[in-house]
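Notes to accompany the following structure.
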Amino acid sequence: MVDATLQHAPAAGHGMADEFEAPLFGAYSKKVGMWLFLASDSLTFGALLFAFSYNRIYTAWPTPFGKESIINATVMTACLLSSSLTMVMAVFAAQRQDRAWTRNWLLATMAFGTAFIVLHGMEWTHLIHEGLTLPGFPQGIEHGAGDYAAISSGVPQFAATFFGLTAMHMLHVTIGVIYLGVVALRKLFLPILGALWLAGFLLIPSDNVFHYGVHVLLVGLIVSAVILFLKPKDYDAHDVEVSGLYWHFVDLVWMFIFPLVYLMSTKV
């Protein structure tokens, strides 16, 4: 009797037979699961932002960023804001069951996200090149000379909080690009991801921190392959909407990082 009830009862909130899903606040389980994940993830970013703010207030904080860094960070912000728009368009296309434009808008979102990662990588490379380092990071060609090297040795909290916060955000953007790639291209994305990992591993110099960071793509390849081969499916509008929630969260976090990290650490 219970099985029959579960099988034939209309889905609450969906009005479809042969489906049962108890909604929470009128939302389907995928969306609720993503909300819960983002709520927990916000605690991580909150702790990192608090650490940066605390050190910014109670330490003789350096102001290493100049015009070039602010311009670069502004372009990165424009990329993420543009990606939010393309993500919204992808959700709208999925809701009207336009598969071609759903894929196109998702690919556009991935392109903006990739541009953000590349620009952020260039910023990191410049700062490390000038001597802003952490233990275990490449020391740059200045070998301890210059203002950035003095900051690393005199105020190590700056490098620790800056690299920790921005690295966590870059990781989330990278995961988001992989997530969208799986939703947009499914198994076709696996060889693309593998080629990107191999190219990055072979082309990035071994003394560059991103030579090790590129292994995030390898981990993403393995996880994506397991998911796609264990449960192959065509992702529907709900899947696109849930991936959009994750992407908008990543964009929102950057709206806190940009003014706090860059604008408040800029030479006046």
Side-chain angles (χ1 to χ4, degrees), residues 31 34-35 37-39 41-46 48-49 52-53 56 65-96 98 100-127 161-185 189 196 210 213 216-217 220 235 237 239-266:
K31 181 183 287 188
M34 180 57 73
W35 280 345
F37 168 75
L38 296 180
D41 206 28
S42 64
L43 299 178
T44 302
F45 278 108
L48 292 171
L49 289 167
F52 190 94
S53 302
R56 174 70 173 79
F65 298 124
K67 179 179 178 181
E68 293 182 358
S69 292
I70 296 302
I71 292 176
N72 191 53
T74 303
V75 174
M76 289 191 287
T77 303
C79 288
L80 283 188
L81 290 176
S82 299
S83 73
S84 287
L85 175 60
T86 56
M87 189 69 240
V88 169
M89 299 303 295
V91 172
F92 286 161
Q95 290 174 346
R96 64 174 183 268
D98 189 339
W101 272 107
T102 299
R103 183 183 299 110
N104 292 339
W105 287 120
L106 288 175
L107 293 176
T109 305
M110 292 169 61
F112 282 121
T114 302
F116 175 88
I117 296 170
V118 171
L119 289 171
H120 218 325
M122 293 170 59
E123 179 73 9
W124 265 41
T125 301
H126 168 71
L127 295 175
T161 53
F162 170 78
F163 283 122
L165 185 55
T166 55
M168 181 62 70
H169 187 261
M170 270 199 292
L171 174 63
H172 278 69
V173 175
T174 303
I175 293 173
V177 171
I178 296 174
Y179 187 0
L180 296 182
V182 170
V183 173
L185 302 176
F189 185 61
L196 290 174
F210 291 104
V216 171
L217 299 181
Y235 294 102
D239 297 302
V240 176
E241 183 179 6
V242 170
S243 65
L245 288 176
Y246 177 88
W247 192 262
H248 292 314
F249 171 78
V250 173
D251 292 354
L252 179 63
V253 169
W254 179 253
M255 295 303 107
F256 290 94
I257 294 177
F258 174 52
L260 182 65
V261 174
Y262 282 91
L263 299 182
M264 294 182 67
S265 302
T266 304

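Note that this is a predicted model, so its numbers are computed, not measured.
Sparse packing is recorded around CZ of Phe92, with 12 or fewer heavy atoms of other residues, nucleotides or ligands lying under 6.0 Å away. Under a cut-off of 6.0 angstrom, the local environment of CE in Met168 is sparse, with at most 12 non-hydrogen atoms contributed by other residues, nucleotides or ligands. Counted within 6.0 Å of OH on Tyr235, heavy atoms from surrounding residues, nucleotides or ligands total more than 12; the atom is thus considered enclosed.
Within the structure, every pair that satisfies the side-chain hydrogen bond (donor to acceptor under 3.5 Å, both in side chains) test and touches residues 162-180, not counting sequence neighbours, is listed here: Asp41-His172, Trp124-Thr166. Listed by first and then second residue, the salt bridge (Lys or Arg N to Asp or Glu O under 4.0 Å) pairs that reach into residues 241-260 are Lys31-Glu241, sequence neighbours excluded. Residue pairs meeting the side-chain hydrogen bond (donor to acceptor under 3.5 Å, both in side chains) criterion with at least one member in residues 69-80, sequence neighbours excluded, are Ser69-Glu123, Asn72-Glu123, Thr77-Trp254. For the salt bridge (Lys or Arg N to Asp or Glu O under 4.0 Å) condition, the pairs that include at least one residue of residues 86-96, sequence neighbours left out, are Arg96-Asp98. For residues 79-91, no residue pair satisfies the salt bridge (Lys or Arg N to Asp or Glu O under 4.0 Å) rule, not counting sequence neighbours.
When every heavy atom of Ala93 is checked against every heavy atom of Trp105, the shortest pair comes out as CB-CD1, 4.3 Å. Looking at every heavy atom in both residues, Met110 comes nearest to Leu180 through CG-CB, 3.7 Å. Of all heavy-atom pairs between Ser265 and Phe52, the closest is OG-CZ, 3.9 Å.
Every ring pair (Phe, Tyr, Trp, His ring centres under 6.0 Å) that Tyr262 has, sequence neighbours left out, goes to Phe65.
Between Thr114 atom OG1 and Leu196 atom CG the span is 8.0 Å, to the nearest 0.5 Å. Annotation: the span from His248 atom NE2 to Ser83 atom OG amounts to 8.5 Å, rounded to 0.5 Å.
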Verdict with reasoning, Met34 to Ser243, per side chain to side chain contact (heavy atoms under 4.5 Å, CB included):
CA-CA 9 Å; Met34 180 57 73; Ser243 65; over 6 Å; no
